[in-house]
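Taking it in order: structure first as structure tokens, then the write-up.
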Amino acid sequence: MADSDATEESIACFSPGLAGIPVAESAVSYVDGKLGHLEYRGIDIEQLAERSSFEETSYLLLYGKLPTANELAAFDAELRHHRRIKFRIRDMMKCFPESAHPMDSLQATVAALGMFYPFPKSLEGELGPKTVHQVCVNLIAKLPTLVAAHARMRHGDDPIAPRDDLSHAANFYYMLTGEKPYPLTERILDVAFIVHAEHEMNASTFSTLVTASTHADPYTSISAAIGSLSGPLHGGANEDVLHMLNEIGSVENVEAYLNGKLERKEKIAGLGHRVYKTRDPRATLLVKLYKQLTDKIGVDTDYQIARQVERLSESTLGAKGVCPNVDFYSGIVYRKLGIPTDIFTPIFAIARVSGWLAHWKEQLGNGRIYRPSQIYTGKRDQSYIPLEDR
Ligand SMILES: CC(=O)SCCNC(=O)CCNC(=O)[C@H](O)C(C)(C)COP(=O)(O)OP(=O)(O)OC[C@H]1O[C@@H](n2cnc3c(N)ncnc32)[C@H](O)[C@@H]1OP(=O)(O)O
Ligand SMILES: O=C([O-])CC(=O)C(=O)O
């Protein structure tokens with residue numbers, strides 16, 4: 001560390017990946033990583049998965065309390081009303097390359113939304129509750145439409161207009177496939193949205209907050225979050241898990257696959273978590289959903305391979321707290337619903353936008369610009385060398 005001016009104090013605080021460093025105070029969700037327990041606004045995720053809807057859970061996250069019947073009806077009606085997207089946004093998506101990943105399309109179109117719905121820039125963050133509410137409704141309502149429209153247009157199909165008579169989950173499925181879902185499909189998608197809606201200070205939520213801390217507009221902040229979520233160490237892992245299951249191909253191949261990965265010290269998609277040192281409670285809920293689906297049609301190879309990966313990794317990785325996370329079992333549920341693999345992470349974003357916005361709202365007016373420090377490891381006091389002398 002010669003030539004650096006790092007102080008002993010800054011070196012002592014340094015935690016790669018900010019592990020264990022609180023960056024905000026928040027009342028949105030609570031995770032107990034040892035027990036594998038998750039609460040949104042104090043309510044156990046299992047209860048929400050059992051009894052709530054995505055619309056109600058979004059209200060809970062944004063407003064810190066369960067809505068009354070009237071409040072829920074009004075919020076739901078607003079969401080339905082704001083599902084449509086402007087034709088210019090659709091035209092813009094048509095110009096994206098056919099090979100564009102749906103997460104890249106989503107990130108770009110959410111950033112573009114900010115041009116259509118200008119947001120007052122304020123140095124003091126003085127924003128009326130109505131403006132803030134309107135932004136939340138607009139983003140939660142429009143994300144499914146953006147995802148479904150791109151998914152269809154990339155194959156040359158026309159986008160399907162949203163239907164106001166369907167729930168958030170049913171309408172997304174309808175816009176994606178052209179078919180109204182069976183009640184079980186609708187409920188499974190709804191619960192998948194609930195369990196993905198929020199997870200305290202994960203990388204994409206932190207991205208939202210870092211961007212918003214400069215008082216950039218919320219569309220820019222959510223676009224930054226979508227970019228963050230797309231990475232394979234975060235939300236993008238749900239897509240990678242399915243590629244891994246395809247690559248393994250059969251239950252008999254799991255052991256050799258795992259041994260190879262461990263020998264090469266490579267990570268296994270869908271396993272491990274910064275906070276959970278036991279099975280992620282959401283993985284358990286997703287297995288339950290999968291079983292509801294397969295009660296009727298029987299388990300398939302994807303699930304059998306995934307279970308074998310979990311079983312065989314227990315003694316090695318499980319022993320050091322590397323267990324299935326939320327991304328491990330979500331893809332096998334979505335595949336069973338006939339959803340294309342590259343739409344898995346966009347589904348995560350459709351759900352997580354409520355959590356991102358809850359944190360964004362919480363930070364409004366009381367945040368300070370994020371500006372951590374660094375430990376400089378470069379040289380000092382170097383002289384400029386003219387080009388001809390180098
Ligand atoms: C929605 C979500 O974001 S959930 C997470 C989705 N991401 C994934 O599934 C990708 C695979 N998992 C990972 O890459 C990591 O576990 C992360 C990114 C989730 C967490 O990373 P970190 O908290 O930084 O843990 P880190 O990478 O330091 O791992 C700690 C130890 O567990 C091991 N480990 C962690 N995850 C895995 C894995 N998936 N496969 C094999 N070993 C693993 C590491 O090799 C390391 O071992 P060591 O102490 O012997 O060197
Ligand atoms: O909390 C994290 O780091 C990742 C995660 O599980 C999530 O965002 O749902």
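Ligands are counted one by one from 1 in listed order, and the atoms in each one are counted from 1 as well. What's counted below: heavy atoms across the whole structure, side chains too, no hydrogens, waters or symmetry copies.
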Is at least one protein non-hydrogen atom found at under 4.0 angstrom from [atom]?
atom                    : answer
atom 35 (C) of ligand 1 : yes
atom 25 (O) of ligand 1 : no
atom 8 (C) of ligand 1  : yes
atom 21 (O) of ligand 1 : no
atom 12 (N) of ligand 1 : yes
atom 17 (C) of ligand 1 : no
atom 32 (O) of ligand 1 : yes

For ligand 1, which atoms, with element, lie under 4.0 Å from some heavy atom of [X]?
X    : answer
G270 : 8 (C), 9 (O)
K320 : 47 (O), 48 (P), 50 (O)
A237 : 6 (C), 7 (N), 8 (C), 9 (O)
F348 : 1 (C)
V326 : 1 (C)

Requested in this report: Could you tell me whether D280 approaches ligand 1 through its side chain, its backbone, both or neither, with non-hydrogen atoms closer than 4.0 Å?
Outcome: neither
Query - Per-residue contact class, P232 against ligand 1 - non-hydrogen pairs under 4.0 Å - result: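 Near ligand 1, P232 shows its backbone, while the atoms from C-beta on stay back.
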Does even one non-hydrogen atom of [X] get within less than 4.0 Å of ligand 1?
X    : result
G321 : no
F328 : no
G17  : no

Does [X] reach ligand 1 with a nitrogen or oxygen that is under 3.5 Å from one of the ligand's nitrogen or oxygen atoms?
X    : value
R274 : yes
L262 : no
D327 : no

Requested in this report: Check for a donor-acceptor pair, side chain of R84 on one end and backbone N or O of P162 on the other, with a separation under 3.5 Å.
Outcome: yes
Report summary line: Heavy-atom proximity to atom 5 (C) of ligand 1 ranks first, among T345, V322, N325, L317, for N325
Query - I369 atom CD1, neighbour heavy-atom count above 12 within 6.0 Å - result: yes
Query - For K336, the option from D300, T294, D302 that meets side-chain hydrogen bond (donor to acceptor under 3.5 Å, both in side chains) - result: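 Among D300, T294, D302, the one that satisfies the side-chain hydrogen bond (donor to acceptor under 3.5 Å, both in side chains) with K336 is D300.
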Using only heavy-atom distances, determine whether the side chains of [X] and [Y] contain a donor-acceptor pair under 3.5 Å.
X    : Y    : answer
R311 : Q308 : yes
E239 : H101 : yes
Y219 : N138 : yes
E198 : S29  : yes
S330 : D327 : no
S52  : T57  : yes
N202 : S204 : yes

Between [X] and [Y], what is the ring plane arrangement, given parallel below 30°, perpendicular above 60°, and tilted in between?
X    : Y    : answer
Y329 : Y303 : tilted
F348 : H196 : perpendicular
F193 : F172 : tilted

For ligand 2, which of its N or O atoms have a protein N or O partner closer than 3.5 Å, and how long is each gap?
from	atom 1	to	atom 2	distance (Å)
ligand 2	1 (O)	H199	ND1	2.8
ligand 2	1 (O)	H273	NE2	3.4
ligand 2	6 (O)	H199	ND1	3.4
ligand 2	6 (O)	H273	NE2	2.7
ligand 2	6 (O)	R282	NH2	2.7
ligand 2	8 (O)	R352	NH1	2.8
ligand 2	9 (O)	R282	NH1	2.7
ligand 2	9 (O)	R352	NH2	2.7

Requested in this report: Go through the steps to decide whether H133 and Y63 satisfy the test side chain to side chain donor-acceptor pair (under 3.5 Å), and finish with yes or no.
Outcome: CA-CA 10 Å; H133 176 77; Y63 293 103; 2.4 Å; yes
Requested in this report: For this output row, return yes or no: ring centroids of Y276 and H199 closer than 6.0 angstrom.
Outcome: yes
Query raised in the report: Are Y370 and F206 close enough that their ring centres sit under 6.0 Å apart?
Result: yes
Query - atom 43 (C) of ligand 1 [closest protein heavy-atom partner, distance rounded to 0.1 Å] - result: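 Nearest protein contact, heavy atoms only, for atom 43 (C) of ligand 1 is K267 CD, 3.6 Å.
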